[in-house]
Number of protein chains: 2
Amino acid sequence: MRRNSFISREQDYALRMIAYLAGLPKNEYISVKELSKRLFISPKFAARIIHKLKKENITGSIQGKYGGVFLKASAKKLSMYDVLNTIGFKVKFNDCLKENFVCELMFGCKFHSFWVNEEKLLIDKLKNQKISEYILKEQYP
Amino acid sequence: MRRNSFISREQDYALRMIAYLAGLPKNEYISVKELSKRLFISPKFAARIIHKLKKENITGSIQGKYGGVFLKASAKKLSMYDVLNTIGFKVKFNDCLKENFVCELMFGCKFHSFWVNEEKLLIDKLKNQKISEYILKEQYP
DNA sequence: TTAAATATTACCTAAAAGGTTATGTTTAAA
DNA sequence: TTTAAACATAACCTTTTAGGTAATATTTAA
């Protein structure tokens, strides 16, 4: 599949699921199967993503029959950046921003600082966007 | 190779070459071979990129022995966006911003407008950055 | 004891990135 | 007029990644 988005499907799905979990009533939880169905994500893929989020203590889970998952972190403190980061958000605006990258054009490439600034601006914004502002609730008739 | 940059290597090389050509004295030109050597780009790959830029009238060329390429567009009017666009800059912040993409979460996904805004901000900035501000000149001792 | 849930890892496949190969065509100069 | 050195153009190749599936184990309510 094409990948020319800034964020991947996996990262998008993670945001969706977190936004949905944030909308559950307190102390409620939902099975990954049901969650994935409501958000149009393949169940197995959803499970893998939820697992990554759990390892970072963003979600919690109840095992066994009638188990499920819930948001463990505070929706008011959890940022979009936190979620994306857990799902491997290591996108750089240009390769020259990566660690250990040695640019051959030390003699005067001025694009570098442009990318540095833009990247920082966006990351700061992602850190400021809290999940509580993005809660996703299905409307039942 | 990994591809988790916002811009591709090919797009980066295009910017480098344009920035270098913009620094040539008026009416001078340079062979792609020499250009690629100075900018650490594989010669064949450079040729293909220059060809794309020529098709959009950004560069011009002189064929035959002792031929070469030069910047045809005005460095003061040519933007980073123009160059990137020529080299297939169709990156979207999220898949949901693509044409013909149908989002299943019509019922209330609030991330969409965040991505729309951020993407527009960045594209406007790229359109405002003119190549004349990024001229690349090798320093000889 | 069993059904239905999570936990975890290994594997699969299409597509794109990043480049090379190949084969022209053009033109200055010997 | 021949030839070397440049640009022109398309087809092809290889590695990596995105995006997902399969498989198997473990947990726990009923």
Side-chain angles (χ1 to χ4, degrees), chain A residues 1-14 16-17 21 28-37 39-70 72 84 87-92 94-95 98, chain B residues 1-14 16-17 21 28-37 39-70 72 84 87-92 94-95 98:
Chain A
M1 297 240 163
R2 282 203 71 102
R3 152 85 160 91
N4 55 14
S5 290
F6 193 70
I7 66 165
S8 67
R9 296 280 72 209
E10 191 180 10
Q11 289 160 355
D12 181 76
Y13 294 160
R16 288 186 192 193
M17 290 194 285
L21 293 181
E28 266 197 30
Y29 52 89
I30 184 175
S31 75
V32 172
K33 191 178 169 187
E34 183 59 27
L35 179 63
S36 67
K37 190 188 291 179
L39 300 180
F40 306 91
I41 306 169
S42 116
K44 300 274 187 178
F45 198 25
R48 200 176 68 180
I49 296 167
I50 284 288
H51 181 58
K52 288 182 183 177
L53 292 163
K54 195 204 167 182
K55 278 200 287 192
E56 296 297 319
N57 271 310
I58 292 175
T59 59
S61 66
I62 290 163
Q63 283 196 45
K65 195 170 178 180
Y66 304 107
V69 296
F70 54 90
K72 193 170 175 187
L84 293 175
I87 312 297
F89 186 67
K90 48 185 177 283
V91 177
K92 291 292 177 185
N94 196 354
D95 276 4
K98 288 181 183 162
Chain B
M1 298 240 163
R2 282 202 71 106
R3 154 85 163 92
N4 55 15
S5 290
F6 193 69
I7 65 165
S8 66
R9 297 281 72 212
E10 191 179 11
Q11 289 159 356
D12 181 77
Y13 295 160
R16 290 186 190 192
M17 291 194 284
L21 292 181
E28 265 196 31
Y29 53 89
I30 184 175
S31 75
V32 171
K33 191 178 170 188
E34 182 61 28
L35 179 63
S36 68
K37 191 188 290 178
L39 299 180
F40 305 91
I41 305 169
S42 115
K44 301 275 186 181
F45 198 26
R48 199 176 67 179
I49 296 167
I50 284 289
H51 182 59
K52 289 181 182 176
L53 292 163
K54 194 202 167 185
K55 280 200 285 192
E56 296 296 317
N57 271 310
I58 293 175
T59 59
S61 66
I62 291 164
Q63 284 198 44
K65 197 170 176 181
Y66 305 107
V69 295
F70 54 91
K72 193 170 176 187
L84 294 175
I87 311 298
F89 185 66
K90 49 186 177 283
V91 176
K92 291 292 177 186
N94 196 355
D95 276 4
K98 289 180 183 163

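Chain naming here is simple, since letters A, B, ... match the order of the sequence lines and numbering starts at 1 in each.
- Going from atom CZ of A/Phe45 over to atom P of C/dT6 covers 17 Å, rounded to whole Å.
- Between the NZ atom of B/Lys92 and the P atom of D/dA18 there is a distance of 20 Å, rounded to whole Å.
- If you take CG of B/Asp12 and P of C/dG19, they are 10 Å apart, rounded to a whole angstrom.
- By the side chain to side chain contact (heavy atoms under 4.5 Å, CB included) test, A/Tyr13 pairs with A/Arg9, A/Arg16, A/Ile41, A/Phe45, A/Ile49, sequence neighbours left out.
- In this model, the phosphate group of D/dA8 is approached by a side-chain N or O of B/Ser61 to a distance below 4.0 Å at OP1 or OP2.
- For A/Ile62 and D/dA29, the CD1 to P distance is 9 Å, given to the nearest whole Å.
- For the atom pair B/Thr59 OG1 and B/Met17 CE, the distance stands at 8.5 Å (nearest 0.5 Å).
- Across the protein-nucleic acid pair, A/Gln11 atom CD and D/dT17 atom C1' stand 13 Å apart, rounded to whole Å.
- Counting to the nearest Å, the C1' atom of C/dG18 and the CG atom of A/Asp95 are 11 Å from each other.
- For the salt bridge (charged side-chain N to carboxylate O under 4.0 Å, His left out) test, residues two or more places apart in sequence or in another chain that qualify with A/Lys52 are A/Glu10.
- Evaluation of atom-type donor-acceptor distances gives no pair under 3.5 Å for the side chain of A/Arg9 against the base of D/dG20.
- If you take CD on B/Gln11 and CG on A/Asn94, they are separated by 9.0 Å, rounding to the nearest 0.5 Å.
- When rounded to the nearest whole Å, the span between CD1 of B/Ile41 and P of C/dT20 equals 12 Å.
- For the pair B/Ser42 and C/dT20, the criterion of a side-chain N or O lying under 4.0 Å from OP1 or OP2 is met.
- Between the CG atom of A/Leu84 and the CG atom of A/Asp12 there is a distance of 9.0 Å, given to the nearest 0.5 Å.
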Polar-atom pairs under 3.5 Å, protein N or O versus N or O of nucleotides 23-26 of chain C: list them with distances, or write none.
unit_1	atom_1	unit_2	atom_2	d
C/dT26	O4'	B/Gln63	OE1	3.1

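- Across D/dC7, C/dA5, C/dG18, the shortest atom-to-atom separation from the side chain of B/Val32 is found for D/dC7.
- Phosphate contact (OP1/OP2 of C/dT6, side-chain N/O of A/Lys54, threshold under 4.0 Å): absent.
- Nearest-nucleotide mapping onto DNA chain C: of A/Arg48 and A/Val69, the residue sitting toward the 5' end is A/Val69.
- Note: CD (B/Glu34) to P (D/dC7) measures 11 Å, nearest angstrom.
- Residues A/Ser61 and A/Val69 come closest through the heavy atom pair CB-CG1, 4.0 Å.
- Taking the six-membered ring for Trp, A/Phe6 and A/Phe89 have ring centres closer than 6.0 Å.
- Contact annotation: A/Tyr13 side-chain N/O to D/dG20 OP1/OP2 distance is under 4.0 Å.
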